[in-house]
Amino acid sequence: MSEPTSNFIRDIILADNESGKHAGRVQTRFPPEPNGYLHVGHAKSITINFGLAAEFGGMCNLRFDDTNPAKEELEYVESIIEDVKWLGGDFGDRIYYASDYFGQLYDWSCQLIRDGHAYVCDLTPEQVRLSRGTLTEPGQNSPYRDRSIEENLDLFTRMKAGEFPDGSRTLRAKIDMASANLNFRDPVMYRILHAEHHRTGNEWCIYPMYDWAHGQSDSIERITHSICTLEFEDHRPLYDWYVQRLGIFAPRQIEFDRLNLTYTMMSKRKLLQLVQQNLVESWDDPRMPTISGMRRRGYSPQGLRNFAQNLGVSKTNGTTEFEKLEFFIREDLNKTARRAMAVIKPLKLIIDNYPEGQTEWLDACNYPDNETDLRKVPFTRELWIECDDFEETPPKGFFRLYPGNEVRLRWGFFVKCVSLDKDADGNVTAIHCTYDPASRGGNSLDGRKVKSTIHWVSAAHAVAAEIRLYDKLFTKEDPNDVPEGQDFTANLNPKSLVKVQGWLEPALAETQPGDRYQFERLAYFCADKSSTKEKLVFNRTVELRDTWAKEKKKS
RNA sequence: UCCCCGGUCGUCUAAUGGUAGGACAGCGGACUUUGACUCCGUCAAUCGUGGUUCGAAUCCAUGCCGGGGAGCCA
């Protein structure tokens, strides 16, 4: 497992503990908006927030940033809770919602109005945009900026009471329309939205904006370190401004770089588009970069955590190679997944000198380097082997099966290829071998060696299964790199899912959804949630490293 | 054009004024009843220019490059 590497956020906490700022208390939070499923980028945030809390003996809350009823749904809340739990985030019973604080937020708004720091503005959205100025020019004060406190209080009360239509008025903070930081140009605190909220129902028709809700929520929960992504850097001064005007507990916002992965798209809006346009099956389609998709595909929580841990934390905008994710998934699965044999591109192998009708049950190890945990595999005269393990005319360096060559059948016998059956077009339809009965279990009596061991399944005992071979969802490192006028869907990989029928050793018939295996010499697989005893379905999680395939590619 | 942030091996990341290190990827080898795993070796970086200093990836200045910012989204 990888050591957590030093990073600037840990340094800040260390320094705070040193100075006694919070008496050594560390409280973080993971604050998703329930407007989509969590993705691997969130896994990084979860690892940082829960990890730091755990490391310093603190706690991390799960808090839903549910301030926009138009986009948020209960389904997302439920999936997020499940995903955070699955990843190992320990939030105990600390599930909070920004909507829990709507009442407090409202009271604090009145306080800011009374202190002359906020006002009700009657400008339309369009007028607000026009008067905000530009990146280089200052904005203009709203004509409603200098209303009396009494009028503001009255109007705001009536906004809350539902007297005004959507978009007709806002509550804005009175700061500085000329600020170079656009967030200071009298930001909107409340907008009128006659929409049903998934938790508060129709209790509210005014909803707080992110900037007004987030820092205050942090403060209420006495968050010491409020860790978010880089795009909120410009918001920090506003975050601090609200907390200071209110005179409440002041958390510190710290920004880090969000995760970018090659061949992956992390925008929730675009992931939603994939789902809605049926370009993938669902949010948990195994090709999706969502936590639920990765879970369904067979990624393990530990593997994901190790990956996130190894990522490090910084403020550099970069893109991590997808191969790194795959490395940590393989690394964990190698330690935890049971081994089994399966053939996904079958080729018939007939052992001419093996008695017809005979079956031997051979011992096979379930895990490498463990000779006590065994299962039985049936061996018969006719087997399925992998197509790629045979070549009629072997390329240089090929030491699997070819005419005249002897290989080992894993856990079985040595077999030597003696002849081939071909169809009218000259395609090989079956391979004939002879076997050495003395090599039972996989070792010759006379000490002769073979260069290759291949996997196999007894044809008479083989269990059929649907095998879903997944590849990258996008063909380009940057899925958003498209010609003018096209969108990222142009880069969708048409071969991201290939379904084939495979043959499994009979022990696999009992597989339950979610079970992970390494089908030896092929890849890691995970039984899909739809898999049943009647119809087994396996998802390819991640392929094994294949130096032979790489070698072949070179020539 | 204005504000904020950032630039270290191909990629990600350490070094907090004192030997530029690790991981992934690549390459080579050893081992192997998985061409897997493991192990060993190897390639490879401080954006440019000035300055401060005995000494600079680190501090200062400046230039260049990249990211973010003008939602009643988060």
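Residue numbers begin at 1 in each chain, while the letters A, B, ... track the order of the sequences.
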Task: Under 3.5 Å on both distances, the Watson-Crick or G-U partner of B:C37 - done: none
Task: Pairwise C1' distance, B:A61 and B:U53 [rounded to whole Å] - done: 16 Å
TODO: Could you check whether A:Y210 and the base of B:A74 form a stacked pair, meaning centres closer than 5.5 Å and planes differing by less than 30°?
DONE: no
Task: Residue-phosphate contact under 4.0 Å: A:K550 side-chain N/O, B:G26 OP1/OP2 - done: yes
TODO: Using a cut-off of strictly less than 4.0 Å, decide whether A:S314 has a side-chain nitrogen or oxygen near OP1 or OP2 of B:U13.
DONE: yes
- [ ] Scan side-chain atoms only and decide if A:Q302 and A:D332 contain a donor-acceptor pair under the 3.5 Å cut-off.
- [x] no
Open item on the list: I'd like to know if A:Q518 reaches the base of B:U34 with its side chain, counting only an N/O donor and acceptor under 3.5 Å.
Closed with: yes
TODO: Please evaluate the base of B:G35 for a donor-acceptor partner in the side chain of A:E551 within a cut-off of under 3.5 Å?
DONE: no
Open item on the list: B:C72, OP1 or OP2 - any side-chain N/O from A:R129 closer than 4.0 Å?
Closed with: no
Task: Phosphate OP1/OP2 of B:A36 contacted by A:R339 side-chain N/O (<4.0 Å) - done: no
Open item on the list: Under 6.0 Å between ring centres: does that hold for A:F232 and A:Y239?
Closed with: no
TODO: Classify the glycosidic conformation of B:G71 as syn or anti, calling it syn when the angle lies within 90° of 0.
DONE: syn
- [ ] Decide, yes or no, whether a salt bridge links A:E360 with A:R440 under the criterion of side-chain N to carboxylate O below 4.0 Å.
- [x] yes
Open item on the list: Going by side chain to side chain donor-acceptor pair (under 3.5 Å), A:E386 matches just one of A:K345, A:H455, A:R400. Which one?
Closed with: A:H455
- [ ] Kindly say if A:R63 contacts the phosphate of B:A74, meaning a side-chain N or O under 4.0 Å from OP1 or OP2.
- [x] no
TODO: Provide the Watson-Crick or G-U wobble partner of B:G26, both distances under 3.5 Å; none if there is no partner.
DONE: B:U42
Open item on the list: Strictly below 4.0 Å: does A:S6 bring a side-chain N or O up to OP1 or OP2 of B:U13?
Closed with: no
- [ ] Spell out yes or no: do the side chain of A:D546 and the base of B:G35 have one donor N/O and one acceptor N/O closer than 3.5 Å?
- [x] no
Task: Nucleotide forming a Watson-Crick or wobble pair with B:A61, both distances under 3.5 Å - done: B:U49
Task: Any donor-acceptor N or O pair under 3.5 Å, side chains A:N181, A:S179 - done: no
Task: Identity of whatever pairs with B:A70 - Watson-Crick or G-U, under 3.5 angstrom - done: none
TODO: Look at A:T547 and B:A36 and indicate whether a side-chain polar atom (N or O) is within less than 4.0 Å of OP1 or OP2.
DONE: yes
Task: Closest to the A:E233 side chain, choosing from B:C73, B:A15, B:C4 - done: B:C4
Task: Base B:A36 paired with A:H455 side chain (donor-acceptor, <3.5 Å) - done: no
Open item on the list: Whether A:R521 contacts B:C37 is assessed here as follows: a side-chain N or O lying under 4.0 Å from the phosphate OP1 or OP2. Is that the case?
Closed with: no
Open item on the list: Of the options B:C2, B:G68, B:A70, whose atoms approach the side-chain atoms of A:T136 most closely?
Closed with: B:C2
